[in-house]
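Below is one structure; the comments refer to it alone.
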Amino acid sequence: MASTSVVRMIFSRRLTPFYIAAIYLLLGGLWIFFSDKLLACLVKNSEILGQLQPYKNGFYLILTAGLLYALSNRLLAFQLSESASPASEGKFRQLTENIREVFWLLSLNPTEVIYVSPTYESVWGRTCESLYKQPMSWLEAVHPDDREQVLAAVERRYRSQGDSDQEYRIVQPDGSIRWIRDRAFPVCEQAGQVNRIAGVAEDITNRKHLEAGLRKLNEELDNRVQKQTTELQQATEQLGVEISERQRAEKERDQFFMLSLDMSCIAGFDGYFKQLNPTWEKKLGFTQEELLALPYLELIHPEDHTATVSVVQQLNTGSDIVSFENRYRCKDGSYKWLSWNCTTILNQQSIYAVAQDITERKQAEASLKESNQQIVNILESITDAFLTVDHQWRYTYLNQQAEKLLQKTREELLGRRIWDVFPEAVGTIFFEKYHEAVAKQVSIEFEGFYSPWNCWYEIHAYPSKDGLAIYFTDITQRKQTQAELLKALEKERELNELKSSIVTVVSHEYRTPLTTILSSAELLEHYGNKWTEEKQLLHLRRIQSTVHHLTQLVSDVLFLDKTEAGKLEFNPTLLEVVTFCGELVEEIQLTVGNKHKLVFVSQGECRLAYLDEKLLRQILTNLLSNAIKYSPESGTVDFALLCEPDKVLFRIQDEGIGIPKDDQQRLFESFQRASNVGTIPGTGLGLAIVKKCVGLHNGQITVESEVGVGTTFVVTLPLNIQKAG
Ligand code: ATP
Ligand code: MG
């Protein structure tokens, strides 16, 4: 702006009169000197010249003024162009080339750029040269949207319509956009004719940006103001709504107080009601006036008086009271149970309270208590044990019988956990079943054996909302009876099985010997008189031996039947066991002759043993006869008696056929025989009898055998000397 002012000042009309005055004075002097002569040359008639004399000065003056004005304009034009002195041009260039604005000077007719300052290149992004060559090339950079407006302004300038000032955008070759403020001043020459235009173009992009930013800020500010205004309006509206809401709530509260079915009241610290809702009248039968006139403590049941006074004292110190219960007298003399919730406003010295009539609930509770008592009475009188536990397995109730069976008093159990009192029960059937009942919410019945007490119990467990109710009885006696019954039944069954086996075996075993007897008897009958005495004797012996065998069989069966039926008695006596065994061996050796050799040895100190002689004979006879029967002829049977202080061992060892492993297990059952017996006779009763006899002595029998090698039976019998003594 400053640089523009200087240029304008140099060429402005303000300075022009100065120059004009100077020239005027110079030329005026010359004119005054030469004008008379000039006029005389123009007007030859001296008369007319004389008449013109008075007007000549005015005429000269006008003429001079016109000339001078024309001269001054020419001078000015000269100053601006060719006639400028080198010194002023230097200053001018220095000025225009150092300012930020683009200074330009354009001549019209023809249109050419007389001067443009170098800033043009940085602002337009085009060379000054290009503008000198193409004076209108600056227009090409004008933004297409602004071009129309710029062209119109240029046209106006050309028509000399005065100064112009416009803003437009130009697009630099790199595409960036600059805002330009372009002001133009027509330079007039000779009677106002414009033949040049001077101008200043200023890059106002930053200003525009600032303006845009400012505009944006303004807009934001406007928006914010708008928004806040809206919010304020809304807040105002909300406030209005809240006020009306509050008024409505207050109205509702008043209505609530008046219409509440509960007994609402405000009482003073002086002990009188200040305000009561109509429910009071309905509930107690007194009028409002009567209630307001009475100290409220006078309406309290005598039994509740002390508790109520204490609550009022608490309220007077500012404490809140919740669910306090007391009885209020009605007009008819009856009492109503009320449950109170109260709060105090200390600075008002007022108690705000709401009471609910709980008379019916209290009556229901009382009758429930009564019926509960009846249930308890029943539970106490039943012979079953009954107890309840809560969800944490803590005892909550147990009757007398439960105390008895659990061997603990209520004081010891109530409130304690089952599993803490009876830790041995954790993991037992009781533990599992109770948990199952609770988890599945189903009632459960079961029988359980509690090993620490060696007792059986029958349990019924019922889950409830409070926990678990458990009925139980001691069924140990019943269980024992049942077990004995089962045992007896099993025995009976075994006996029946035995008997049927006996029948089968006997019918089979008897047939062959009886046939033998019959055939020998018939032969004797028909041919006896013809036979030799020797042959007759042979048949008679066969009959005798077979009868003996049958007799043995019958006695075995009878013996076994006796043992199975439990009829066989154990009658121990003090026995000289070594002597007994020696004699028995001799007896058997006589029977078998020298076909087999029996070797008897005894070890240890054993003179007297407390044993049943009959049973011992059965044991040893059977084992020794087996050893002989299942050994080849001339085989040796070793019989050892081993005496120890508290027991006696009988070991019978042979070198016979042995017993296959698979058969060894069942040998001691009736009628069981090994698979390798072949034609060796036998009924399979001997070892069964031995086992029973050993059992009656509380002894043991073991067998070790290998097929083809031999067999060893060992019988161990306790001596029981002390019992005998
Ligand atoms: P019973 O003794 O009634 O006349 P048994 O001898 O066949 O007939 P047990 O004495 O009970 O019956 O013997 C049962 C089976 O045990 C025999 O049939 C036999 O197979 C086997 N046994 C018993 N003792 C011996 C032994 N010392 N050597 C080989 N096998 C034997
Ligand atoms: Mg036998």
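For ligands, and for the atoms within them, numbers begin at 1 and follow the listed sequence.
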- prompt: Would you say Tyr397 and Phe386 make side-chain contact, with heavy atoms under 4.5 Å?
  reply: yes
- request: Check if Gly658 has a non-hydrogen atom at a distance under 4.0 Å from any atom of ligand 1.
  value: yes
- line: With heavy atoms and a 4.0 Å threshold, my read on which part of Thr711 contacts ligand 1 is side chain
message: Can a donor-acceptor pair be found, under 3.5 Å and without considering hydrogens, that links the side chain of Asn676 to the backbone of Gly658?
response: yes
query: Which part of Asn626 is near ligand 1, with near meaning a heavy atom under 4.0 Å away: side chain, backbone, both or neither?
result: both
query: Can you tell me the protein heavy atom closest to atom 31 (C) of ligand 1 and the distance?
result: Tyr630 CD1, 3.4 Å
- prompt: If you measure every N/O of Leu687 against every N/O of ligand 1, is any gap under 3.5 Å?
  reply: yes
- prompt: ligand 1 versus Gln672, non-hydrogen atoms closer than 4.0 Å: side chain, backbone, both, neither?
  reply: backbone
query: With the threshold set at 4.0 Å, does a side-chain nitrogen-carboxylate oxygen contact exist between Glu411 and Arg416?
result: no
Side chains of Ser634 and Lys597 in contact at under 4.5 Å (non-hydrogen atoms): no
query: What do we get for Val677 next to ligand 1 when only non-hydrogen atoms under 4.0 Å count, side chain, backbone, both or neither?
result: side chain
query: N/O to N/O below 3.5 Å, does that happen between Ala688 and ligand 1?
result: no
- request: Among all protein heavy atoms, pick out the one at the shortest distance from atom 7 (O) of ligand 1; state its residue, atom name and that distance to 0.1 Å.
  value: Arg673 NE, 2.6 Å
message: Return the closest protein heavy atom for atom 3 (O) of ligand 1 as residue, atom name and distance.
response: Thr683 OG1, 2.6 Å
query: Is it true that Glu380 and Arg410 make a salt bridge, defined as a side-chain N closer than 4.0 Å to a carboxylate O?
result: yes
query: Any N/O/S of Asn626 under 2.8 Å from the Mg ion (ligand 2)?
result: yes
Within-shell test, Lys629 vs ligand 1, heavy atom, strictly < 4.0 Å: yes
field: Short N-O contact, Lys691 and Glu669, less than 4.0 angstrom
entry: no
message: Which of the numbered atoms in ligand 1 are under 4.0 angstrom from any heavy atom belonging to Ala627?
response: 27 (N)
task: Starting from atom 30 (N) of ligand 1, locate the nearest protein heavy atom and write down its residue, its atom name and how far away it is, to 0.1 Å.
output: Ile659 CG1, 3.4 Å
query: Do the two ring centres, one from Trp531 and one from His526, sit under 6.0 Å apart?
result: no
query: Is it the side chain (CB and beyond), the backbone, both or neither of Asp654 that lies under 4.0 Å from ligand 1, heavy atoms counted?
result: side chain
Asn622 N/O to ligand 1 N/O under 3.5 Å: no
message: Are any of the N/O atoms on Gly686, whether in the backbone or the side chain, positioned under 3.5 angstrom from an N/O atom of ligand 1?
response: yes
task: Check the angle between the aromatic planes of Phe430 and Tyr450 and answer parallel, tilted or perpendicular using the 30° and 60° thresholds.
output: perpendicular
query: Charged N to carboxylate O under 4.0 angstrom, Glu458 versus Arg478?
result: yes
task: Establish, yes or no, whether a centroid distance under 6.0 Å links the rings of Phe422 and Trp453.
output: yes
field: Closest protein heavy atom (residue, atom, distance) for atom 12 (O) of ligand 1
entry: Gly684 CA, 3.1 Å
- prompt: Within the structure, does Ile657 bring an N/O atom to less than 3.5 angstrom of an N/O atom in ligand 1?
  reply: no
query: How far is atom 16 (O) of ligand 1 from its nearest protein heavy atom, and which residue and atom name does that atom have?
result: Leu667 CD2, 3.5 Å
query: Hey, is Glu490 close enough to Lys487 for a salt bridge, meaning N to O under 4.0 Å?
result: no
message: With a 6.0 Å cut-off on the ring centroids, do Phe449 and Tyr457 count as close?
response: no
